[in-house]
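Presented below is the structure to which this report refers.
Hydrogens, waters and symmetry mates play no part in the numbers below; they use all other heavy atoms, side chains included. When a residue number appears, it is its place in the shown sequence, counting from 1.
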Amino acid sequence: MINLQHIPSSNINYKELYDVLYDLIPLIPEEYAIFRNRLRDLILPKLKLQDALSINSYGQQIAIPQNGINPYLFGEVIATIDYFSECYHKNHTTSMWETIHPQIIVVSKSRFNDGYYADAVEAAFKEINSRVKDIYIARTSNEKDGAKLMQSAFSVQNPIIKLGDVSTDTGANIQQGYMEMFAGSMRGIRNPKAHNNQIISRPDAIRKLHFASMLMYKLDNEIV
């Protein structure tokens with residue numbers, strides 16, 4: 001925020017920034033030790049602007065305390081945090097997609113990587129709806145959508161898509177549970193985003209994309 005507001009480094013309180021960086025260092029994972037060590041060993045010790053030297057009326061040299069930040073080291077702070085953020089984002093985004101269903105990747109990955117998190121999530125659950133709808137139409141010649149589609153498709157009494165052996169109590173419970181999850185995802189995740197211009201965070205998007213992926217993988221394991 002300081003960098004974006006273009007505040008001169010000499011006007012930034014040294015102690016405030018020092019304390020923030022000091023608290024940040026232990027939070028940096030071991031795999032990014034190069035950034036942690038750079039902040040701790042190379043930047044923090046030299047962060048404070050050196051006291052200015054002057055001559056008083058008696059000809060004596062005196063130090064004038066400076067509470068600002070060394071402008072060069074301030075640049076190093078910004079660059080180091082930027083590099084760390086880029087590496088962290090790149091690595092965690094790459095590893096995330098290794099566990100996501102291929103159909104979700106197709107419709108959501110580019111949106112997510114461009115920062116359109118809500119759109120990525122909406123696309124994922126629309127894809128689930130579309131896949132279930134195609135199966136339902138092919139087997140019943142009827143068309144439904146959203147939560148009503150999921151309730152009919154995964155009905156325990158007359159399942160069009162079987163996810164559990166409904167002839168047993170355990171299988172019926174599995175079928176009922178997934179029916180509720182599929183229907184709930186339409187009501188609680190897809191519909192609110194589709195009807196309102198919602199903004200969600202990156203971590204929340206990751207959680208929802210993993211949930212969408214779980215549902216997609218369960219469809220892959222349909223009982224036939």
Is any side-chain heavy atom of [X] closer than 4.5 Å to a side-chain heavy atom of [Y]?
X: Phe211; Y: Leu215; answer: yes
X: Ile206; Y: Leu209; answer: no
X: Met181; Y: Lys218; answer: no
X: Val156; Y: Asn173; answer: no
X: Met150; Y: Asn129; answer: yes
X: Asp165; Y: Ile174; answer: no
X: Leu163; Y: Ile223; answer: no
X: Val121; Y: Arg190; answer: no

### Message
Test of understanding: clusters of I, L, V, M, F, W, Y form through side-chain heavy atoms closer than 4.5 Å, transitively. Do Val107 and Ile189 belong to the same one?
### Response
no
### Message
Is there a path of hydrophobic side-chain contacts, each under 4.5 Å between heavy atoms, that joins Ile81 and Tyr18?
### Response
yes
Take a 6.0 Å sphere around [atom1] of [X] and say whether it holds more than 12 heavy atoms from other residues, nucleotides or ligands.
X: Asp169; atom1: CG; value: no
X: Tyr116; atom1: OH; value: no
X: Ile34; atom1: CD1; value: no

### Message
Can you tell me how the ring of Phe182 sits relative to the ring of Phe154, calling it parallel under 30°, perpendicular over 60° and tilted otherwise?
### Response
parallel
Between [X] (side chain) and [Y] (backbone), is there a donor-acceptor pair under 3.5 Å?
X: Arg187; Y: Ala183; answer: no
X: Ser130; Y: Lys126; answer: no
X: Ser108; Y: Ala123; answer: no

### Message
With side-chain contact (heavy atoms from CB on, under 4.5 Å) as the criterion, how do Val106 and Gln103 come out once you've worked through the C-alpha distance, each side chain's angles and the decisive distance to 0.1 Å?
### Response
CA-CA 5 Å; Val106 169; Gln103 283 181 254; 5.7 Å; no
### side-chain contact (heavy atoms from CB on, under 4.5 Å) evaluation trace for Lys133 with Glu143
CA-CA 7 Å; Lys133 181 184 288 188; Glu143 182 173 349; 3.8 Å; yes
Minimum heavy-atom distance between [X] and [Y], given as atom pair plus value:
X: Gly164; Y: Gln175; value: N-OE1, 3.2 Å
X: Ala147; Y: Met186; value: N-CB, 3.7 Å
X: Ser152; Y: Tyr136; value: CB-OH, 3.5 Å
X: Ser185; Y: Phe125; value: CB-CE2, 3.5 Å

Within this structure, what is the [atom1]-[atom2] distance for the pair [X] and [Y], rounded to the nearest 0.5 Å?
X: Leu219; Y: Met214; atom1: CG; atom2: CE; answer: 10.5 Å
X: Ile105; Y: Met96; atom1: CD1; atom2: CE; answer: 8.5 Å
X: Gln176; Y: Met179; atom1: CD; atom2: CE; answer: 4.0 Å
X: Ile25; Y: Phe35; atom1: CD1; atom2: CZ; answer: 13.5 Å
X: Ile160; Y: Ile137; atom1: CD1; atom2: CD1; answer: 12.5 Å
X: Asn37; Y: Tyr32; atom1: CG; atom2: OH; answer: 15.0 Å

### Message
Set out, in order, the CA-CA distance, both residues' side-chain angles and the distance that settles salt bridge (Lys or Arg N to Asp or Glu O under 4.0 Å) for Arg131 and Asp220, then state yes or no.
### Response
CA-CA 11 Å; Arg131 182 179 178 187; Asp220 290 346; 2.8 Å; yes
#### Entry: Pair Glu222 + Lys162, salt bridge at N-O below 4.0 Å
no
### Task
Please list, chain by chain and in numerical order, all residues satisfying side chain to side chain contact (heavy atoms under 4.5 Å, CB included) with Asp204, sequence neighbours excluded.
Ile200, Ser201, Arg207, Lys208
### Task
Could you please spell out the steps behind the side-chain contact (heavy atoms from CB on, under 4.5 Å) verdict for Tyr217 and Ile104?
CA-CA 10 Å; Tyr217 276 120; Ile104 301 299; over 6 Å; no
### Message
Please determine whether side-chain contact (heavy atoms from CB on, under 4.5 Å) holds for the pair Thr80 and Leu42, giving the CA-CA distance in whole Å, both sets of side-chain angles, and the decisive distance to 0.1 Å.
### Response
CA-CA 11 Å; Thr80 300; Leu42 299 179; over 6 Å; no
### Task
Not counting sequence neighbours, which residues clear side-chain hydrogen bond (donor to acceptor under 3.5 Å, both in side chains) with Arg36? List them please.
Glu30
